[in-house]
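Order of appearance sets the numbers: ligands from 1, and atoms from 1 within every ligand. Quick caveat: nothing in here was measured; it's all calculated off a predicted structure.
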Amino acid sequence: MLKYTELVMDHFRNPRNLGKIEDADAQATEGSIACGDMMTVYLKIKDNRIADIKFESYGCAANIATASMMTEVVKGLPIDEAKQISWKEIVERLGGLPQIKYHCSNLAVDTLRKAIKAYEDSTPRGVTNESIS
Ligand code: FES
């Protein structure tokens, strides 16, 4: 049986930011090539920061825990900083994961990046009222 840290179990049993944002500015669903599981990330962006984030996971305990930790880490961050978060950092913050579960953290971070990209693709950058006038 896989051994998880107390913190992983806590985030699995009480996931932070679990659910859906109905009026999200962007969302993305991603699947893991390794296992076929899926998750969705919803974002609210304000002043180029992640004002709110929620997730739905159709993955395993490790995915729920890493997604929960990921949302805690990036909430409030500028989107450029949120993009730099790595799956390894999430695993470290949880006190480690069994190696065969690393891809579950990868799924959490990949879905976040895909949601940020969806936001950026829908929002032209560098266009301000000043540059138009
Ligand atoms: Fe699929 Fe963890 S085994 S996300």
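Using a 4.0 Å cut-off between charged nitrogen and carboxylate oxygen, Lys44 and Asp23 count as a salt-bridge pair. A salt bridge links Arg93 to Glu89: one of the charged nitrogens lies within less than 4.0 Å of a carboxylate oxygen. Residues Lys117 and Asp110 are not paired through a salt bridge, judged by the lack of any N-O separation under 4.0 Å between the basic side chain and the carboxylate.
Between the side chain of Asn106 and the backbone N or O of Trp87 there is no donor-acceptor pair closer than 3.5 Å. The closest donor-acceptor contact from the side chain of Thr5 to the backbone of Leu94 lies under 3.5 Å.
Around atom 2 (Fe) of ligand 1, the protein N, O or S atoms closer than 2.8 Å are Cys60 SG, Cys104 SG, listed by chain and residue number.
For Thr111, the side-chain hydrogen bond (donor to acceptor under 3.5 Å, both in side chains) test picks out no residue, with sequence neighbours left out.
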